Amino acid sequence: MTIDKAALLESLMLGASTSPLKLFLLNQSLAHLIPFNKPHGVKILAVTEEEVLTTLPFSRRNKNHLGGLHACGMAALGEFTAGVLILRNLGFSRYRLIMSELKAEYHYQGKTAAYARAALPKEELHQRIVKFLDEGEHADYLSTTEVVDDEQRLLCTVSAQWQIKEWSKTGKAKEREEELSAAQG
């Protein structure tokens, strides 16, 4: 991700909680930057400092062979929601986020749109992520996101293990430094 794109996403993310236009532009930007999610219609409905709410529509492209929501679609929704929340708090331009493990436990067949809610209270953010980033090379963080249907029935629980690292501590550090220098120009 280029410095300019990261800065744009950070700006949209911060404004999306109060501006429907910025929320719309954030969804459009993320659909472009994460091509996998675009055909599935994954959208952010609300974003705050401590919470992100997203949706996956109940449409033909998101159904399995039994006519319910596809398991992989719900897993992707849970993973996306948690990842957006983490980067909302840490910054797209400063940190790289990689998922190292994904687990989904399914509870109920989805027959309506699905909704995922990820929460990350400030205290948890600082104790489980920021503290480790300040002390070392990276932080490992396990997120848990619940996916529900229109009637708030629990469809699945998605757990994602994340490795969070400053871009400056990755193999892409030199490229990002050159890009930043060129942008400041």
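Because the structure is predicted, anything quoted here is derived from the model rather than measured.
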message = Side-chain heavy atoms nearer than 4.5 Å, only ILVMFWY residues, links allowed to pass through others: does that put L14 and L23 together?
response = no
query = Got a donor-acceptor contact below 3.5 angstrom from the E10 side chain to the S93 backbone?
reply = yes
ILVMFWY network linking V52 to L97, side-chain heavy atoms under 4.5 angstrom = yes
query = What's the spacing between L26 CG and L21 CG if we round to 0.5 Å?
reply = 11.0 Å
Atom pairs and distances, side-chain donor-acceptor, residues 79-88, under 3.5 Å, sequence neighbours left out:
residue	atom	partner	partner atom	Å
T81	OG1	T54	OG1	2.5
T81	OG1	L77	O	2.6

key: Non-hydrogen side-chain atoms of L154 and V147 separated by less than 4.5 Å   = no
message = As a quick check of understanding, evaluate salt bridge (charged side-chain N to carboxylate O under 4.0 Å, His left out) for E146 and R117, giving each step before the final call.
response = CA-CA 6 Å; E146 291 186 340; R117 180 187 161 274; over 6 Å; no
key: R96 and Q163, any side-chain heavy atoms less than 4.5 Å apart   = yes
key: Side-chain ion pair, R94 and E166, N-O less than 4.0 Å   = yes
ask   = Shortest non-hydrogen contact from W167 to Y95?
value = NE1-O, 3.1 Å
ask   = Do you know the tightest heavy-atom contact between T55 and A114?
value = OG1-O, 2.9 Å
ask   = Which pair of heavy atoms, one from L102 and one from A75, lies closest together, and at what distance?
value = CD2-CB, 4.3 Å
ask   = Would K122 and E49 count as a salt bridge (charged side-chain N to carboxylate O under 4.0 Å, His left out) if you check the C-alpha gap in whole Å, the side-chain angles of each, and the deciding distance to 0.1 Å?
value = CA-CA 8 Å; K122 282 185 185 182; E49 193 172 350; 3.5 Å; yes
request  = May I ask you to check whether over 12 heavy atoms, not counting those of E135, lie within 6.0 Å of atom CD?
outcome  = yes
key: Flag side-chain contact, heavy atom, 4.5 Å: L90 against L133   = yes
ask   = How about M13 and F92: do any of their side-chain heavy atoms sit closer than 4.5 Å?
value = yes
inquiry  = Go through it in stages, so that I can follow the logic: the residues are E137 and K165, the test is side chain to side chain contact (heavy atoms under 4.5 Å, CB included), and I'd like the CA-CA distance, side-chain angles, deciding distance and then a yes or no.
reply    = CA-CA 7 Å; E137 183 147 321; K165 186 183 278 192; 3.6 Å; yes
ask   = Do F58 and L66 sit in the same hydrophobic cluster, where Ile, Leu, Val, Met, Phe, Trp and Tyr count as joined when their side-chain heavy atoms come under 4.5 Å apart?
value = no
query = Between atom CD of Q161 and atom OG of S143, what is the distance when rounded to the nearest 0.5 Å?
reply = 8.5 Å
note = For M74 and V158 the tightest heavy-atom approach is O-CG2, 3.9 Å
message = To check you understand the geometry: which heavy-atom pair defines the closest contact between Y106 and C156, and what is its length?
response = CD2-CB, 3.5 Å
message = Under 3.5 Å, is there a donor on one side chain and an acceptor on the other for E151 and Y108?
response = no
Let me check something: any side-chain donor-acceptor pairs from residues 29-47 under 3.5 Å, sequence neighbours excluded? List them with distances.
residue	atom	partner	partner atom	Å
S29	OG	L25	O	2.9
H40	ND1	N62	OD1	2.9

ask   = Under a 4.5 Å cut-off applied to non-hydrogen side-chain atoms, are H138 and W162 in contact?
value = no
request  = Would you please name every residue forming a side chain to side chain donor-acceptor pair (under 3.5 Å) with T144, sequence neighbours left out?
outcome  = none
query = With hydrophobic residues grouped by side-chain heavy-atom distances under 4.5 Å, do I98 and L142 end up in a single group?
reply = no
ask   = Any side-chain heavy atom of Y115 sitting closer than 4.5 Å to one from D150?
value = yes
task = Compare every heavy atom of T145 with every heavy atom of A116, then report the nearest pair and how far apart it is.
result = CB-CG2, 3.9 Å
